[in-house]
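Atoms within each ligand, like the ligands themselves, are counted from 1 in listed order. Positions are given from 1, in the same order as the sequence printed here.
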Amino acid sequence: MVPLKRRKLSDTGKSGTNTSGGTEPSKFPRVVLFLLERKMGASRRAFLSQLARKKGFQVEELLSEKVTHVVCENVSGEDGRAWLRSQGGSRPPPHLLDVSWFTDSMRAGRPVEVLDRHQLQNPNVSLCPQELQAGEPEVEVFSVPSYACQRRTSLENHNAPLTDALSLLAENAELNDEEGRGVAFRRAAALLKTLPSAVMSASQLRGLPCLGEHSLREILETGTSTEVESTKGSERFKALKVLTGIFGVGAKTADRWIREGIHDLHQLRASGQHYADINQPVTRAEADAIEAIVEKAVSSVLRGAQIVLTGGFRRGKPSGHDVDFLITHPEEGREEGLMPKVVSWLEKTTRNSYLESKDGPGRPPSNMDRFERCLSIFKLPGAAETPQRAWRAVRVDLVVSPISQFAFALLGWTGSKLFERELRRWAGHERGMSLSSHALYDNKQVNEGAASEEEIFAHLGLEFVPPSERNA
Ligand code: UTP
Ligand code: MN
C-alpha cells in the first residue's frame with residue numbers, strides 16, 4: 001500500500017512541469033491543507049500553518065473546494081463532522097484528520113499515508129520536529145490530546161523536576177481546600193508526564209492545553225519558581241504535610257490543629273492528643289502478602305468469590321499509601337452480605353496480621369460510590385513509631401461489587417484519581433454520558449452495560465488504555 005501511494009505522489013510530481021522551480025507554492029500539489037482554528041487556537045494555528053508552508057505544503061486560510069485535508073486538534077470526530085456540515089459546500093474534503101497526521105507529515109517532510117489512527121477520535125501523542133529559524137537548534141514541539149484519558153501515561157516520567165513542582169503546588173492547593181486550583185495543577189502535571197522526552201524550552205509547549213497561567217516558564221528557566229519556593233518554606237504547608245502524614249488525619253483535622261497552634265508531632269504529643277501511626281509506603285511485596293491473606297479469607301467464606309488488586313498497584317506502581325482490593329462473585333447476588341463475613345474471618349483467623357476494621361460510625365461512607373466497603377488495618381512487620389511494638393499498621397481498602405457492575409468498579413478503583421476524573425469529564429462533556437464506578441448512562445439515560453473495561457472504553461469512544469498507562 002505504501003509503495004503504491006508513493007508512486008502516485010511521485011507520478012504527480014513528474015507530470016507537473018515546474019516542481020523544481022522553487023517558485024512553485026507547493027511541493028505536493030495534490031495536498032491542500034486547512035487547519036481548523038476551533039480548540040487549536042489562533043496562535044497555534046498560525047504557528048503550525050507557517051511550519052507546514054516552510055516544509056512545502058500548501059495551506060489555505062479559508063475552507064474551499066480546493067482543500068483536501070482538514071486538520072483538527074482536540075476535536076472529536078462528531079464535532080469535526082458537524083462543523084464541516086455547518087460550512088455547507090457541495091463537496092466535502094476527502095480527509096478530516098487529527099493533528100497527528102499533520103505532525104507525522106511534518107516529521108516525514110511529506111504527506112504521509114492516512115492511517116486509521118490519524119482519523120479524528122484516535123488521538124495519539126505525537127512529535128513535530130521543526131526548524132524555528134535558520135541557525136536555531138531543532139526542537140520538538142509537543143502535541144497532546146487534552147483529556148488525560150485519551151493519552152497513555154506510563155510510570156516513566158521525562159519531566160520529573162517540572163511535575164514535582166506542579167504536584168507540590170497541587171498538593172498545597174488541595175490541603176487548603178482550593179479544589180479548582182488543585183485540579184488545574186494536576187492536569188498540567190499529568191500533561192507533562194505524558195511527553196516522550198524532557199521539555200527544554202517553554203516554546204515547545206506553545207498552545208498546549210492546561211499549561212496557561214502557571215509559573216512553568218520560570219521553573220523551566222531556573223529549575224524552580226517563587227511560588228514553589230514560598231510554598232515549600234511556608235510554616236502552614238510544612239505543618240499540613242506532617243500532620244496529614246498521620247494515619248487517618250485529613251486536611252480538616254490538620255487545619256484545626258494548626259489553628260490550635262499544633263504544627264508538629266512534638267506539639268501534638270504535648271497537647272495530650274493521642275495519635276497512632278505515620279503513614280509509611282507499602283511495597284509491592286507487602287501488597288502481595290496481604291493479597292494472599294485476603295484471597296484466603298474471601299474464598300473461605302464464599303466458594304468461587306474472587307478478588308482483584310486495584311489502585312496504584314494494578315497500575316504497576318512499586319509502592320503505595322494503601323492496598324486496594326475489589327471483591328466479587330461470578331453469580332449475581334451471591335456477593336451480598338459478603339463483607340461482614342470476610343471481616344470476621346480475618347478477625348478470627350489472622351489475629352497477628354489483622355488489626356481492625358474501621359467502617360463504623362464516624363467514618364462517612366465514600367462519596368464516590370455506594371459499594372459495600374471496609375477500610376481495614378493490617379499489621380505488617382517493620383519499624384513502628386512507638387518502641388513498644390514491632391509492627392506497623394497498613395491501610396487496606398476492601399470493596400465488594402456485584403458482577404454486573406464489576407467492570408465499572410474495576411475501572412473506577414484502578415485510578416489514577418486524575419485519570420478517573422478525566423474519564424468522567426470526557427463522558428459528560430464530549431459524549432453527553434454519565435460514568436460512575438457502578439454504570440455508564442448514555443445521553444438518553446439508557447444504561448450501557450459492560451462486561452469488561454475494554455467495552456467501557458469502546459462505549460465512550462476512546463481507545464483502550466491499559467492500567468499501566470493510566471498513571472496520569
Ligand atoms: P487510592 O486513593 O488508593 O489511590 O485510590 P492509588 O492510586 O491506589 O494511590 P496510592 O498509591 O494508594 O496512594 C485508588 C482509586 O480508587 C478510587 C480512586 O479513583 C482511586 O484512583 N477511589 C478511591 C474511589 O473510587 N472511591 C474512594 O472513596 C477512594
Ligand atoms: Mn491505593
Is it the side chain, the backbone, both or neither of Asp322 that has a heavy atom closer than 4.0 Å to ligand 1?
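Both of them.
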Part of His321 with heavy atoms under 4.0 Å of ligand 1, whether side chain, backbone, both or neither
both
I need the Cys72 SG to Gln119 CD distance, nearest 0.5 Å.
11.0 Å
CZ on Arg181 to CG on Asn172, rounded to 0.5 Å:
7.5 Å
State the atoms of ligand 1, each with its element, that fall below the 4.0 Å cut-off from a heavy-atom position in [X].
X	result
Gly415	21 (O)
Lys317	9 (O), 10 (P), 11 (O)
Arg315	7 (O)
Gly320	11 (O)
Lys417	1 (P), 2 (O), 4 (O), 20 (C), 21 (O)
Glu420	19 (O)
Gly312	6 (P), 7 (O), 8 (O)

Between Asp322 and the Mn ion (ligand 2), is there a contact where an N/O/S atom of the residue lies under 2.8 Å from the metal?
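Here the distance criterion (N, O or S atom, under 2.8 Å) is met by Asp322, so yes.
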Glu73 pairs by salt bridge (Lys or Arg N to Asp or Glu O under 4.0 Å) with which of Arg38, Arg45, Arg44, Lys39?
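Of all the options given, the one that passes is Arg44.
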Between [Y] and [X], is there a salt bridge with N-O shorter than 4.0 Å?
X	Y	answer
Arg425	Glu430	no
Glu422	Arg470	no
Arg186	Glu174	yes

Can you check which of Arg424, Arg470, Arg373, Arg314 brings a heavy atom nearest to atom 28 (O) of ligand 1?
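Result: the heavy atom closest to atom 28 (O) of ligand 1 is in Arg373.
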Examine [X] against ligand 1 and note whether any of their N/O atoms are separated by less than 3.5 Å.
X	value
Gly311	no
Gly412	yes
Ser437	no

Ring centroid separation His118 to Phe102 under 6.0 Å
no
With Asn157 as reference, evaluate Thr163, Asn471, Thr194 under the side chain to side chain donor-acceptor pair (under 3.5 Å) test and give the passing residue.
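When Thr163, Asn471, Thr194 are each tested with Asn157, the side chain to side chain donor-acceptor pair (under 3.5 Å) holds only for Thr163.
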